[in-house]
A.B. asks: 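Please read through the structure below; I'll follow up with questions.
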Amino acid sequence: MNSRRSTRAILAIAAVAAGCASMSDQEASQKALQLMKASFSERGQAKLDRLDQDEAQRLCSKPPSHELSKETSARIEKENLASIRYPADGKLIGDWKSGERIAQNGQGKQFNDDPKRPSGANCYACHQLSRQEISFGTIGPSLYQYGKLRGTSEAIQRYTYGKVYNSQGFTACSNMPRFGHNGILTEQQMKDVTALLLDPESPVNK
Amino acid sequence: MNRSRRNALKTGGGAGLLAMLIAAGIVRPGDALAQQQWNQAAFNGKTLREALQALGAQSPVASDGVVIKVPEIAENGAVVPVAVESRIAGTQSITVLIEKNPLPLAASFEIPAGTEPNVSTRVKMGESSDVYALVKADGKFFFAKKEVKITIGGCGG
Amino acid sequence: MKRPLVRLGLRARLLAAGALIVLVPAAPSFSQSAVDEIAKYRQQLQDGNPAELWEARGEALWKTKRGPKNVSMEACDLGKGAGVVKGAYAELPRYFADADRVMDLETRLVHCMTTQQGFSFAEATKRPFGAGASRSDFEALAAWITSESKGVTMNVALAHPKEREAYQLGEKMFYFRGGPHDFACATCHGETGKRIRLQDLPNLTEKAGAQLAYTTWPAYRVSQGELRTFQWRLNDCYRQQRFPELKFTSDASIALTAFLAHNANGAAFNAPAIKR
Amino acid sequence: MADPMRIRVAERDGVVNVRILMSHEMETGQRKDSAGNLVPAHFIRNVVATHQGRTVLSAQWGTAVAKNPFLEFSFKGGKKGDKISVTWEDNKGEKRTDEATIG
């Protein structure tokens with residue numbers, strides 16, 4: 001049934017495309033979205049609405065050759081920065097030990113994950129953090145000695161918590177998930193990750 | 001039962017008799033398994049010490065004659081290549097044990113005369129651990145060990 | 001040098017191990033040596049690839065009479081003529097006039113299973129991927145068919161308008177960010193020299209990376225003890241991207257495959273491989 | 001029925017190198033399935049390789065041998081045309097024997 005529907009979709013696309021040599025970029029984007037909507041099925045917590053992009057996702061879905069204008073980047077950053085909600089109790093530093101577990105955990109939000117269990121942040125997938133963990137990725141910069149190098153002033157605390165909450169408030173189209181903005185981590189989890197980065201006792205700062 | 005088998009292996013009589021029976025067509029090659037035992041006590045040993053005791057190898061000695069080839073770091077514990085070579089004359093068996101596995105004894109190979117004392121296989125490791133190669137030669141036990149670190153790989157999900 | 005093995009008590013050994021961790025600082029070059037050691041691990045795995053077990057089963061499946069019409073797949077046209085398997089995978093996906101559609105390997109196999117062997121679409125596609133005793137015919141067939149392209153130069157054409165369209169839409173999909181984590185394929189595979197944990201991430205937007213990646217699937221995954229196809233690789237990437245599930249033999253799946261396969265053109269195909 | 005083994009043999013100067021791949025789950029008995037139930041142990045316990053009827057290697061395995069086991073060894077005294085036979089038996093009593101000829 002679904003394959004028939006998707007076949008029809010691609011036939012419709014082909015009928016349009018046959019007329020001209022190639023599609024415009026915007027046409028192609030629209031057709032790709034149609035194609036994807038017909039080619040994915042909902043499973044577990046992953047519904048089809050995950051293919052509905054917000055503005056940042058849409059603007060950031062471009063090859064590196066299509067660099068965003070300064071104005072567009074600034075707009076993405078401004079809007080994302082405004083989305084950050086700081087904890088009502090004003091405390092930004094939680095428990096670094098819990099933060100380490102969150103940094104190691106790559107589960108959460110996948111169609112096979114239990115939505116009742118807390119998500120991880122999987123920081124080590126992309127960042128070096130502590131010296132002990134040799135299995136770390138390099139998509140993001142090394143965060144080893146993050147707090148030792150920057151100190152723990154209130155400004156640094158707010159920047160760090162904010163960056164975890166919504167990275168695109170600081171860098172448009174950052175590869176880093178917007179953990180608070182998109183509801184991946186809870187407030188307490190973000191405090192714990194902030195502690196992992198800033199607490200002098202954390203292995204990150206040893 | 002185990003003891004009589006060990007005696008048979010010591011004299012070489014068991015294997016020789018079996019070969020004769022196979023050659024005579026009385027026993028088919030597949031039936032060779034019927035002669036084989038499985039050392040349940042050793043495989044069920046929960047610590048290195050328990051497994052070694054059940055193998056009759058309470059106090060093996062470290063030896064450069066046992067060469068163990070394992071990766072220093074394994075990308076995944078599900079498959080860790082292990083090769084063991086014995087340079088000790090009269091090698092009768094080669095055994096692989098993984099100290100921190102829930103059941104340390106992984107595999108044991110009987111090496112008849114004419115077979116090179118050099119075997120290669122792949123094991124599972126639950127976590128980073130020392131891997132031991134135990135060699136029995138002329139009735140005595142020798143060993144070498146090497147640590148293998150198991151890393152967390154992939155995207156983590 | 002002889003010393004007894006079981007001499008230290010467990011506690012003493014644990015203390016010794018603990019002391020080691022505290023006292024020995026990690027060398028700055030440790031991560032580089034870790035990478036080197038992992039390269040050795042991978043090298044040690046190359047000899048004796050269990051993918052061969054799938055290849056043998058796949059060849060038997062291809063030649064076995066099956067389905068309501070009780071015919072083998074030996075008349076299946078993978079693009080180079082009926083029954084020609086050698087080199088076929090290195091030219092897929094491609095446009096097939098008899099179906100008026102661009103098809104990748106799995107889609108073409110389903111086409112032959114339904115039109116020639118008489119299976120229903122549902123029956124043919126009920127198990128795209130295996131798990132333990134529940135085995136997938138596609139993984140076995142793909143293992144054998146791809147092994148028949150080993151050493152063949154990748155040559156995926158963009159001659160037909162529908163091939164060009166599939167490529168263009170596949171490229172769009174590659175950069176499409178979505179889901180709660182904002183991930184696109186490009187998030188992990190758009191830059192050269194990056195790793196996730198200790199795994200090297202091929203940059204699929206440039207020739208060398210696309211070639212290295214595409215020509216080494218299918219692969220026996222030691223972490224799963226299964227042979228996994230390129231189709232599976234796409235499905236599992238999307239799972240980890242937090243997307244819904246990519247449908248087997250769907251047009252989006254074919255389009256993305258066409259984009260990545262074409263980018264690998266010029267390289268010698270080198271699978272089934274063995275990977276973590 | 002279990003899948004056939006893949007047995008590769010190569011002879012050089014009378015030394016025969018044997019490489020075997022076996023198709024087996026090698027369940028440890030400690031893994032849980034998706035429903036949370038313990039999957040019972042299921043693993044090869046004994047392997048015997050013979051050359052012209054003479055045992056050239058015998059092995060006892062536990063659950064720690066990796067899934068789809070690989071085994072490599074060498075012995076002296078083989079020549080082209082000789083037969084190598086390998087048999088495994090698992091803890092459920094299932095057996096499989098396959099042969100290869102030294103080429």
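Letters A, B, ... mirror the listed sequences (proteins, then strands); counts begin at 1.
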A.B. asks: With a 4.5 angstrom heavy-atom cut-off, is it the side chain or the backbone of A:S174 that approaches chain C, or both, or neither?
C.D. replies: backbone
A.B. asks: Could you walk me through whether A:N112 and C:R239 satisfy the side chain to side chain contact (heavy atoms under 4.5 Å, CB included) test, starting with their C-alpha distance in whole Å, then the side-chain angles of each, then the deciding distance to 0.1 Å, before giving a yes or no?
C.D. replies: CA-CA 8 Å; A:N112 59 319; C:R239 178 182 67 84; 3.2 Å; yes
A.B. asks: Which answer fits A:D54, side chain, backbone, both or neither, if we ask what part of it has an atom under 4.5 Å from a heavy atom of chain C?
C.D. replies: neither
A.B. asks: State, yes or no, whether a side-chain contact exists between A:Q110 and C:H181 at a heavy-atom distance under 4.5 Å.
C.D. replies: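 When only atoms from C-beta onward are counted, C:H181 and A:Q110 do not touch, as no gap falls below 4.5 Å.
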A.B. asks: Relative to chain A, which segment of C:L256 carries a heavy atom at a distance below 4.5 Å: side chain, backbone, both, or neither?
C.D. replies: neither
A.B. asks: Closer than 3.5 angstrom, by distance alone: can the side chain of A:T138 be matched with the main-chain N or O of C:R195 as a donor-acceptor pair?
C.D. replies: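 Such a contact is found between A:T138 side chain and C:R195 backbone.
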A.B. asks: Let me confirm one number: the CZ-CD distance from A:F111 to C:Q240, rounded to the nearest 0.5 Å.
C.D. replies: 9.5 Å
A.B. asks: Determine yes or no for a side-chain-to-main-chain donor-acceptor pair under 3.5 angstrom, with C:R177 supplying the side chain and A:R58 the backbone.
C.D. replies: no
A.B. asks: So for C:E245, is it side chain, backbone, both, or neither that comes closer than 4.5 Å to the heavy atoms of chain A?
C.D. replies: both
A.B. asks: Is a side-chain donor-acceptor pair under 3.5 Å present for C:K172 with A:S29?
C.D. replies: yes
A.B. asks: Give the intermediate values and the outcome of side chain to side chain contact (heavy atoms under 4.5 Å, CB included) for residues A:N175 and C:F183.
C.D. replies: CA-CA 7 Å; A:N175 281 330; C:F183 287 154; over 6 Å; no
A.B. asks: First locate atom CE of A:M176, then atom OG1 of C:T187, and finally report the distance between them rounded to the nearest 0.5 Å.
C.D. replies: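 Between A:M176 CE and C:T187 OG1, I get 13.5 Å after rounding to 0.5 Å.
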A.B. asks: Where does A:I184 contact chain C at under 4.5 Å (heavy atoms): side chain, backbone, both or neither?
C.D. replies: side chain
A.B. asks: Please determine, among A:H181, A:E42, A:R178, the option with the most heavy-atom pairs under 4.5 Å with chain C.
C.D. replies: A:R178
A.B. asks: Please look at C:A255 and chain A and tell me whether the side chain, the backbone, both or neither of the residue comes under 4.5 angstrom of a heavy atom of that chain.
C.D. replies: side chain
A.B. asks: Quick check on A:K62 against chain C: is it the side chain, the backbone, both or neither that has a heavy atom closer than 4.5 Å?
C.D. replies: backbone
A.B. asks: In Å, rounded to the nearest 0.5 Å, how long is the span from CZ of A:F136 to CD1 of C:I196?
C.D. replies: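 Interatomic distance, A:F136 CZ to C:I196 CD1, rounded to 0.5 Å: 13.5 Å.
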A.B. asks: Under 4.5 Å, counting heavy-atom pairs only, tell me which of A:P64, A:G44, A:C126, A:C60 racks up the most with chain C.
C.D. replies: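 Ranked by heavy-atom pairs under 4.5 Å with chain C, first place is A:C60.
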A.B. asks: Are the aromatic rings of A:F40 and C:Y238 close, with centres under 6.0 Å apart?
C.D. replies: yes
A.B. asks: By a 4.5 Å heavy-atom criterion (distance strictly below it), what part of A:Q45 contacts chain C: side chain, backbone, both, or neither?
C.D. replies: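 The answer is neither part of A:Q45.
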A.B. asks: Please confirm whether the backbone N or O of C:G179 pairs with a side-chain atom of A:K109, one donor and one acceptor, at under 3.5 Å?
C.D. replies: no
A.B. asks: How many angstroms lie between CD in A:Q34 and CG in C:D251, if you round to the nearest 0.5 Å?
C.D. replies: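 The CD atom of A:Q34 sits 11.5 Å away from the CG atom of C:D251.
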A.B. asks: Do A:S135 and C:L198 have side-chain heavy atoms sitting under 4.5 Å apart?
C.D. replies: yes
A.B. asks: Between C:F174 and chain A, which part of the residue has a heavy atom less than 4.5 Å away: side chain, backbone, both or neither?
C.D. replies: neither
A.B. asks: Have a look at C:P244 and tell me which of A:K37, A:R50, A:M36 forms a side chain to side chain contact (heavy atoms under 4.5 Å, CB included) with it.
C.D. replies: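 Single pass found, and it is A:R50.
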A.B. asks: Side chain to side chain contact (heavy atoms under 4.5 Å, CB included) between A:H66 and C:Y175: does it pass, once the steps are laid out?
C.D. replies: CA-CA 11 Å; A:H66 293 54; C:Y175 291 104; over 6 Å; no
